[in-house]
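Shown next, in structure tokens, is the structure this report addresses.
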Amino acid sequence: MGFERNVLLGVNIDHVATLRQQRGTRYPEPIQAALVSEQSGADAITVHLREDRRHIQERDVEIISGCIQSRLNLEMAATSEMLAIARKIRPSDCCIVPEKRDELTTEGGLDAHASVEYLKDYCAELTESSIRVSLFIDADKRQIDAAYEIGAPVIEIHTGHYADATSPEQIKSELNRIVESAEYAHQLGIQVNAGHGLDYHNVLAIASVPVIRELNIGHSIVARAIFSGLGKAVSDMKKLICQIT
Ligand code: PXP
């Protein structure tokens with residue numbers, strides 16, 4: 001038994017913090033989830049520090065950053081507050097996401113095309129702090145061209161539209177869009193990651209795209225953990241995306 005292909009798994013543990021914040025308790029602790037995830041095959045720990053602090057707190061990011069042995073991928077909006085936090089904590093990776101206060105979760109990719117000059121300067125500041133920058137964008141060539149112009153070494157393709165598609169035609173068309181965009185970005189020398197809305201049923205088609213390097217998955221893993229335990233939920237997902245039988 002070996003890796004068919006080592007697709008990297010970033011486990012997003014935001015919803016462990018959602019459960020804690022919902023009651024204002026001391027538990028469950030995101031750091032505990034981070035360490036169990038790492039032990040169970042996660043290649044990175046992903047957290048989204050939102051402006052409204054609805055789940056992950058700055059303290060969580062500091063503790064996780066100080067304790068994990070794998071990479072910390074900090075998702076954040078491109079604001080000056082977040083830039084200061086990232087420069088202080090220095091995660092390995094920062095994924096720039098759009099953020100709206102009233103959204104349930106990140107609802108679409110960043111409009112990098114509309115803010116090339118701003119993001120060029122913003123990402124350069126992160127790069128100067130030795131943080132690898134990723135832009136969370138839709139599967140759209142215009143956005144990929146913008147990411148290239150900005151100088152982002154990594155993009156994360158938003159897979160939410162694929163995950164939400166219901167008819168076989170819709171699913172096929174969303175998947176094609178992702179495959180074409182991923183290959184286009186790869187040819188430009190950009191590392192291609194993907195995430196959002198991926199679960200145990202829909203992930204394989206995305207994990208099978210040869211140029212996709214890493215998947216960031218949160219909600220489905222934390223949801224499955226209620227029934228199977230977090231360690232098993234993570235290791236099952238890792239095996240699935242690497243197609244280990
Ligand atoms: N990638 C990004 C950039 C995200 O914003 C999120 C959600 O926070 C995810 C991946 C994980 O999405 P999900 O929780 O649907 O797996």
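Fair warning: this is a prediction, and the values are worked out from it, not measured in the lab. All ligand and atom numbering here is 1-based and tracks the order in the structure. Atom set for the values below is all heavy atoms of this structure, side chains included, hydrogens, waters and symmetry mates excluded. Start at 1 with the first residue, then count along the sequence.
- Here the closest non-hydrogen pair linking S208 and R5 is C-NH2, 4.4 Å.
- Partners of E58 under the side chain to side chain donor-acceptor pair (under 3.5 Å) rule, at least two apart in sequence or in another chain, are K88.
- Within the listing of ligand 1, atoms 10 (C), 11 (C) sit less than 4.0 angstrom from a heavy atom of N216.
- Remark: D43 engages K238 in a side chain to side chain donor-acceptor pair (under 3.5 Å) (not counting sequence neighbours).
- Annotation: G197 places an N or O atom under 3.5 Å from an N or O atom of ligand 1; distance criterion only.
- Residues Y122 and T79 come closest through the heavy atom pair OH-O, 2.6 Å.
- Ring pair H219/H15 is perpendicular by interplanar angle, where above 60° counts as perpendicular and below 30° as parallel.
- For atom 8 (O) of ligand 1, the nearest non-hydrogen atom from the set H196, M76, E75 belongs to E75.
- Heavy atoms of I221 found under 4.0 angstrom from ligand 1: none, in either backbone or side chain.
- Proximity of H158 to ligand 1, defined as any heavy-atom pair under 4.0 Å, is not found for any part of the residue.
- Atoms of ligand 1 found under 4.0 Å from any heavy atom of I217 (numbered from 1 in listed order, with element): 16 (O).
- Taking any N or O of H219, backbone or side chain, at least one lies under 3.5 Å from an N or O belonging to ligand 1.
- In terms of heavy atoms, R87 sits closest to S129 at CG-OG, 3.5 Å.
- Considering both main-chain and side-chain atoms, S220 never comes within under 3.5 Å of ligand 1 through any nitrogen or oxygen pair.
- For the pair R20 and Y27, the cation-pi test (distance below 6.0 Å, angle within 45°) is failed.
- Near D14, meaning under 4.0 Å from one of its heavy atoms, ligand 1 places the atoms 8 (O).
- Judged by distance alone, the side chains of D138 and H158 do bring a donor and an acceptor atom under 3.5 Å apart.
- Here is the list of ligand 1 atoms found below 4.0 Å of a heavy atom in V97: 3 (C).
- For the pair G218 and ligand 1, the shortest N or O to N or O distance falls below 3.5 Å.
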